[in-house]
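Encoded as structure tokens, the structure appears first; notes follow it.
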Amino acid sequence: MALAKITGVRGRGVHVPGDDIDTDRIIPARYLKCVTFDGLGAYAFYDVRFDPDGHPLGHPLDDPRHRGASVLVSGRNFGCGSSREHAPQSLYYFGIRAVIAEGFGEIFFGNSTTLGIPCVVLASADRKELGKRIEANPTEEVEIDLTVEAPRVRFAGREFSGSMPQSTRRSLVGGQWDALAQLLDGRDAVAKVAARLPGSSRAA
């Protein structure tokens, strides 16, 4: 099945301030034992959203003003740390469809892309301004335009110029962001090539 062409994302934002938010903070290690990713969204940022007794700590993700937000905004080096795929999966199942930050952990960035979650980098001053604007206007929608080389982020009449590796941007816009899905779509062609290889029991 062909992948969706992700030319942009539009949705309400939530500002999660902080630098070096690592994958262990995004999804604590004890939740990595799941067999499937279904339901993992409930545990996103769990240890900074709830105390040991399960009482809410007032995290931005739980702020009623940001309920249903799909664009997460944060600081430098978001998603650093261990390479756990569960981190972007937990955000995806929480409802996040794009992340805007001042920078990303390399593996987190790649894992997010293969889920169809664009990760857009903004300059520090622009990211901070966007975060403040989202906090002041939580019902407004963030719009991310990936159809231009420097992705545009628009919010409440303000436009910011972001960045993203061109190969990544093109893969999202062209619907080629999940290599495994592409491989499965081409399994018949793969089987034909494999059959022609020396040593194949199906080779002529």
Side-chain angles (χ1 to χ4, degrees), residues 6-28 44-45 47-49 58-63 65-66 69-92 94-138 140-173 177:
I6 302 175
T7 58
V9 175
R10 188 184 185 102
R12 295 192 5 264
V14 57
H15 183 213
V16 180
D19 298 328
D20 302 312
I21 293 179
D22 62 21
T23 53
D24 188 58
R25 198 184 321 177
I26 296 171
I27 184 71
F45 286 96
D47 286 349
V48 289
R49 289 172 56 207
H59 192 273
L61 292 182
D62 297 314
D63 187 332
R65 300 180 308 146
H66 301 299
S70 59
V71 179
L72 189 151
V73 178
S74 195
R76 295 192 304 269
N77 203 25
F78 186 83
C80 58
S82 66
S83 59
R84 61 191 67 171
E85 183 186 358
H86 296 65
Q89 289 280 3
S90 70
L91 295 180
Y92 182 87
F94 188 86
I96 300 301
R97 293 297 179 267
V99 183
I100 299 170
E102 294 177 39
F104 296 91
E106 183 177 357
I107 297 176
F108 174 89
F109 181 94
N111 286 338
S112 296
T113 300
T114 60
L115 291 176
I117 299 177
C119 293
V120 178
V121 174
L122 282 188
S124 179
D126 290 344
R127 192 277 303 171
K128 290 175 182 175
E129 180 183 345
L130 177 61
K132 289 179 180 178
R133 285 175 174 264
I134 287 173
E135 291 171 356
N137 301 280
E140 292 280 351
E141 290 190 328
V142 180
E143 180 186 357
I144 301 172
D145 180 4
L146 298 176
T147 63
V148 290
E149 287 193 7
R152 297 290 190 268
V153 176
R154 303 183 182 96
F155 184 80
R158 183 77 163 86
E159 181 173 284
F160 305 94
S161 180
S163 65
M164 176 186 290
Q166 288 305 301
S167 58
T168 301
R169 188 188 65 81
R170 286 192 293 266
S171 72
L172 290 165
V173 172
W177 40 270

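Computed over heavy atoms, backbone and side chain alike; hydrogens, waters and symmetry mates excluded. Every value quoted in this text rests on a predicted model; they were computed, and no experiment measured them.
With hydrogens and angles ignored, the 3.5 Å screen pairs a side-chain donor or acceptor of Arg49 with a backbone N or O of Ala44. Side-chain atoms of Arg76 never come within 3.5 Å of backbone atoms of Asp20 as a donor-acceptor pair (strictly under, hydrogens ignored). With hydrogens and angles ignored, the 3.5 Å screen pairs a side-chain donor or acceptor of Arg12 with a backbone N or O of Arg65. Side-chain N or O atoms of Arg169 include one that pairs as donor or acceptor with a backbone N or O of Leu146 at under 3.5 Å.
For Ser171 against Thr113, the heavy-atom pair with the smallest separation is OG-CG2, 4.2 Å. When all heavy atoms of Ala98 and Ile144 are compared, the pair lying nearest together is CB-CD1, 3.6 Å. Residues Arg25 and Asp19 share a closest heavy-atom pair of NH2-O, 4.3 Å. Looking at every heavy atom in both residues, Ser112 comes nearest to Cys119 through CB-SG, 3.6 Å. When all heavy atoms are compared, the tightest approach of Ile26 to Ala87 is CG2-O, 3.7 Å. Arg97 and Pro118 get closest at one heavy-atom pair: O-CD, 3.1 Å.
The salt bridge (charged side-chain N to carboxylate O under 4.0 Å, His left out) analysis of residues 112-123, with sequence neighbours excluded, yields no pairs.
Relative orientation of the Phe78 and Phe45 rings is tilted, given thresholds of 30° and 60° on the angle between their planes.
How far CZ of Arg158 is from CG of Asn137: 13.5 Å, rounded to the nearest 0.5 Å. Atom CG of residue Asp22 and atom CD1 of residue Ile27 lie 12.0 Å apart, to the nearest 0.5 angstrom. Residue Glu106 holds its CD atom at 10.5 Å from CG of Asn111, rounded to the nearest 0.5 Å.
Crowding of Glu149 atom CD: a count of heavy atoms from other residues, nucleotides or ligands under 6.0 Å not exceeding 12.
Cation-pi geometry between Arg152 and Phe160 is not satisfied (NZ or CZ under 6.0 Å from the ring centre, within 45° of the ring normal).
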Fill in: Test log, rule side chain to side chain donor-acceptor pair (under 3.5 Å), inputs Thr23 and Ser82
CA-CA 6 Å; Thr23 53; Ser82 66; 3.0 Å; yes
